[in-house]
Amino acid sequence: MRYNLPREVRIRKKKEFEAVYNGGRKFSHQLFIAFYLKNSYGYSRLGLTVSKKIGNAVVRNRVKRLIREVFRLNRHELKGNYDIVFNVKKGISNSSFDDVESAFMDLVDFLEKND
RNA sequence: UAAAGUGGUGAGGGUAGACGCUGUAUUUAUGCAGAGGAAAGUCCGGACUCCACAGGGCAGCAGGCCACCUAACAGGUGGGAGGAGUGAUCCUAUGGAAAGUGCCACAGAAAAUAAACCGCCCCAAAAUUUUUUGGGGUAAGGGUGAAAAGGUGGGGUAAGAGCCCACCGGUUAGACGGUAACGUCUGACGCAUGGUAAACCCCCUGCGGAGCAAGACCAAAUAGGAGGACGUUUGAGGCUUGCCCGGCCAAUGUCCUCGGGUAGGUUGCUAAAGCUUCAGGGAAACCUGAUGCGUAGAUGAAUGUCUACCUAAAACAGAAUCCGGCUUACUUGCCACUUUAUGGC
RNA sequence: GGCGGUGUACCCAAGUGGCUAAGGGAGAGGUCUGCAAAACCUCUAUUCAGCGGUUCGAAUCCGCUCGCCGCCU
């Protein structure tokens with residue numbers, strides 16, 4: 001099992017984001033809202049949205065790195081292949097790696113049960 | 001010893017392991033490099049790029065003691081003047097109020113061609129024993145105000161007044177010193193000119209406009225036009241820096257050419273008015289020469305996560321075309337010099 | 001990243017450097033009414049986003065800072 005996160009694994013285009021927003025479903029959590037949509041790439045992909053309301057540039061970068069790191073280390077836990085877009089809520093700015101990881105595992109459980 | 005002031009200078013984590021991200025080199029598996037002192041605010045100034053060439057005038061904007069430095073600046077260095085502080089030292093959007101205009105609320109007699117409310121003095125009349133009325137003189141006193149027409153003292157006078165005198169302040173002429181701002185000295189003038197220019201304005205100086213999301217190249221889908229040359233006509237319309245002049249586009253005919261361009265991609269993209277050390281010049285900012293270094297380049301946007309240890313390692317904070325400044329945010333050291341107070345020798 | 005605008009009470013807002021900072025809505029209290037509505041009266045700005053400066057005097061003029069909004073792909 002390799003824990004890498006190359007560029008193809010990220011959602012980068014506006015159209016792909018809109019596809020997930022319009023065609024996908026939602027999972028709400030205290031730290032974020034995750035939009036997800038099954039894909040046919042053979043692997044799951046990650047998209048991030050961190051608005052200016054979350055904090056200054058340093059805080060926003062830290063939030064994005066935390067989520068990327070959690071996704072990188074845990075994406076093999078996902079049973080299917082999904083495009084997942086995280087919309088971050090304000091509470092995440094003070095969260096630790098462990099907080100985000102447990103939140104991500106909640107998402108994994110949710111997907112297993114409901115999909 | 002205590003309290004202050006000024007200047008300079010340093011750090012902005014490190015080591016090991018595991019897993020990653022961006023760039024790059026080749027041997028395709030590894031190596032190497034990978035955020036700041038403010039990367040920030042976008043407040044000034046440039047480089048660079050494009051524009052129907054950028055020309056003139058008006059308007060507008062910015063700056064404003066003097067000299068120097070700089071690619072340039074609203075930056076820096078030194079000096080002058082004014083102000084604050086016992087002092088070291090610090091602060092100053094520091095030209096012109098005698099070109100003109102405006103404003104100066106309330107209060108006050110009066111807020112700017114000076115002026116008579118109270119008061120003071122003189123004269124006349126009435127009344128009659130201390131008042132009233134009228135005419136005149138007077139800016140010394142009162143009170144108001146942020147500000148009241150040079151200040152203090154003396155002489156003088158009916159009472160007063162630069163009316164006269166001394167000192168201070170001011171204006172002005174000359175000489176001397178200084179590159180200059182300005183200063184010093186001597187003389188003249190009784191003094192004429194209240195404040196406000198971060199009010200309009202005047203004077204001097206500078207400014208074409210936009211900005212790397214600038215711009216260049218490649219190029220699906222879709223649409224069917226696009227460009228060039230020459231001639232003719234009109235000055236209707238549009239464009240330009242806000243306006244005018246000027247200029248350009250334009251309309252139409254003939255001929256020629258085949259490209260234009262959205263999504264997306266490539267490029268611009270990092271070697272630079274660069275940094276280190278030394279020497280020389282200068283009072284300093286800075287300049288000159290030599291030596292060495294070669295220093296992130298992402299594009300939904302890299303530089304992290306976990307573990308252990310060391311340490312005072314906390315705070316403000318994340319490159320986005322690149323530089324020079326300014327301003328603001330913020331953690332912690334070190335050094336030198338100076339001042340004041342108190343005590344001791 | 002670049003360029004521009006804006007900030008006055010709970011909301012919408014007016015405001016020549018000079019009075020206690022207009023006005024409307026909302027809210028609170030009162031008058032009126034058997035009770036309400038309407039009408040009328042009264043109240044609500046510690047500091048005009050914050051900090052400095054100019055001025056005798058600043059919401060207003062100037063500088064810095066902060067917040068919000070818009071435009072350029």
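None of these values were measured; they are calculated from a predicted model. Letters go in sequence order (proteins before strands), and every chain restarts at 1.
- A:Leu66 comes within 4.0 angstrom of nothing in the nucleic acid, heavy atoms only.
- Straight-line distance between the P atoms of B:C330 and B:C316: roughly 9 Å, to the nearest whole Å.
- Every residue two or more places apart in sequence or in another chain that forms a side chain to side chain contact (heavy atoms under 4.5 Å, CB included) with A:Thr49 is listed here: A:Phe17, A:Tyr21, A:Val85, A:Asn87.
- Note on A:Arg68: a side-chain N or O is less than 4.0 Å away from OP1 or OP2 of B:A301.
- For B:A35, the base is syn relative to its sugar; the glycosidic angle is within 90° of 0.
- For A:Glu69, whose side chain is taken as the heavy atoms from C-beta onward, the closest listed nucleotide among B:A302, B:U305, B:C21 is B:U305.
- With C1' as the reference atom, B:G247 and B:C53 are 10 Å apart, rounded to whole Å.
- With a cut-off of 3.5 Å on both Watson-Crick or G-U wobble distances, the partner of B:A285 is given as none.
- For B:A127, there is no paired base (Watson-Crick or G-U wobble, both distances below 3.5 Å).
- Under the 3.5 Å distance criterion, the side-chain polar atoms of A:Asn4 are left unmatched by any main-chain donor or acceptor of A:Pro6.
- In a base pair of the Watson-Crick type (N1 to N3 plus N6-O4 or O6-N4) or a G-U wobble (N1-O2 and O6-N3), with each distance short of 3.5 Å, C:C68 is matched with C:G5.
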What one-letter contact string describes nucleotides 316-322 of chain B from 5' to 3', where B marks a base within less than 4.0 Å of any protein heavy atom, S marks contact via sugar-phosphate atoms alone, and - marks no contact? -BB----
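- Partners of A:Arg45 under the salt bridge (charged side-chain N to carboxylate O under 4.0 Å, His left out) rule, at least two apart in sequence or in another chain, are A:Glu16, A:Asp83.
- Rounded to whole Å, the distance from CG on A:Leu48 to P on B:C21 is 16 Å.
- The shortest side-chain heavy-atom distance between A:Leu48 and A:Ile67 falls under the 4.5 Å cut-off.
- Across all strands shown, the partner of B:C334 is B:G8, judged by Watson-Crick or G-U wobble contacts whose two distances both fall under 3.5 Å.
- Judged as a side chain to side chain contact (heavy atoms under 4.5 Å, CB included), and not counting sequence neighbours, A:Gln30 has no contacts.
- Separating the P atom of B:A147 from that of B:G178 is a span of 46 Å, rounded to the nearest Å.
- In this structure a side-chain-to-backbone donor-acceptor pair under 3.5 Å is present from A:Asn39 to A:Tyr43.
- Atom-to-atom, CG of A:Leu73 to C1' of B:U307 comes out at 13 Å; the value is rounded to the nearest Å.
- Positionally, the nearest nucleotide of RNA chain B for A:Val50 lies more toward the 5' end than for the other of A:Val50 and A:Asp98.
- Separation of the P atoms belonging to C:U42 and C:U8 is 27 Å when rounded to the nearest angstrom.
- One C1' atom belongs to B:C61, the other to B:U241, and the distance between them is 12 Å to the nearest Å.
- With hydrogens and angles disregarded, no donor-acceptor distance shorter than 3.5 Å links the side chain of A:Asn61 to the backbone of A:Val58.
- Within the 4.0 angstrom heavy-atom criterion, no nucleotide atom of any strand lies near A:Arg60.
- Each of B:G20, B:C21, B:G300 was ranked by its minimum atom distance to the side chain of A:Arg10; first place goes to B:C21.
- For B:G37, the base adopts the syn conformation, since its glycosidic angle falls within 90 degrees of zero.
- Using P as the reference atom, C:A59 and C:U16 are 14 Å apart when rounded to the nearest Å.
- Put simply, CZ on A:Phe35 is 17 Å from C1' on B:G300, counting in whole angstrom units.
- In this structure, CG of A:Asn4 is placed 17 Å from P of B:A18, rounded to the nearest angstrom.
- Between B:C185 and B:C207, the two C1' atoms lie 47 Å apart (nearest whole Å).
- The glycosidic torsion of B:U152 lies more than 90° away from 0, placing the base in the anti range.
- Here B:A302 presents its P atom at 12 Å from CG of A:Leu5, a figure rounded to the nearest Å.
- Screening residues 84-107 of chain A for ring-ring contact (aromatic ring centres under 6.0 Å, His included) gives A:Phe32-A:Phe86 as the qualifying pairs, with residues at least two apart or on separate chains.
- Looking at which nucleotide of RNA chain B each of A:Ser96 and A:Ile11 is closest to, the 5′-most match is held by A:Ile11.
- If you check B:G206 for Watson-Crick or wobble pairing at under 3.5 angstrom, you find it paired to B:C61.
- Evaluation of the ring-ring contact (aromatic ring centres under 6.0 Å, His included) test over residues 47-74 of chain A, restricted to residues two or more places apart or in two chains, returns none.
- A donor-acceptor pair under 3.5 Å is absent between the side-chain atoms of A:Asp109 and the main chain of A:Glu112, judged by distance alone.
- The base-pairing partner of B:G253, taking Watson-Crick or G-U wobble contacts with both distances under 3.5 Å, is B:C230.
- The distance between atom NZ of A:Lys64 and atom P of B:A302, rounded to the nearest whole Å, is 6 Å.
- The same atom, C1', is picked in B:A197 and in C:C61; the two are 12 Å apart, to the nearest Å.
- As rounded to whole Å, 16 Å separates atom P of B:C19 from atom CZ of A:Arg75.
- The distance between atom CG of A:Leu46 and atom P of B:A302, rounded to the nearest whole Å, is 13 Å.
- Applying the Watson-Crick and G-U wobble criteria (two distances, each under 3.5 Å), B:U77 pairs with B:A67.
- Using Watson-Crick or G-U wobble geometry with both donor-acceptor distances under 3.5 Å, B:G145 finds no partner in any strand shown.
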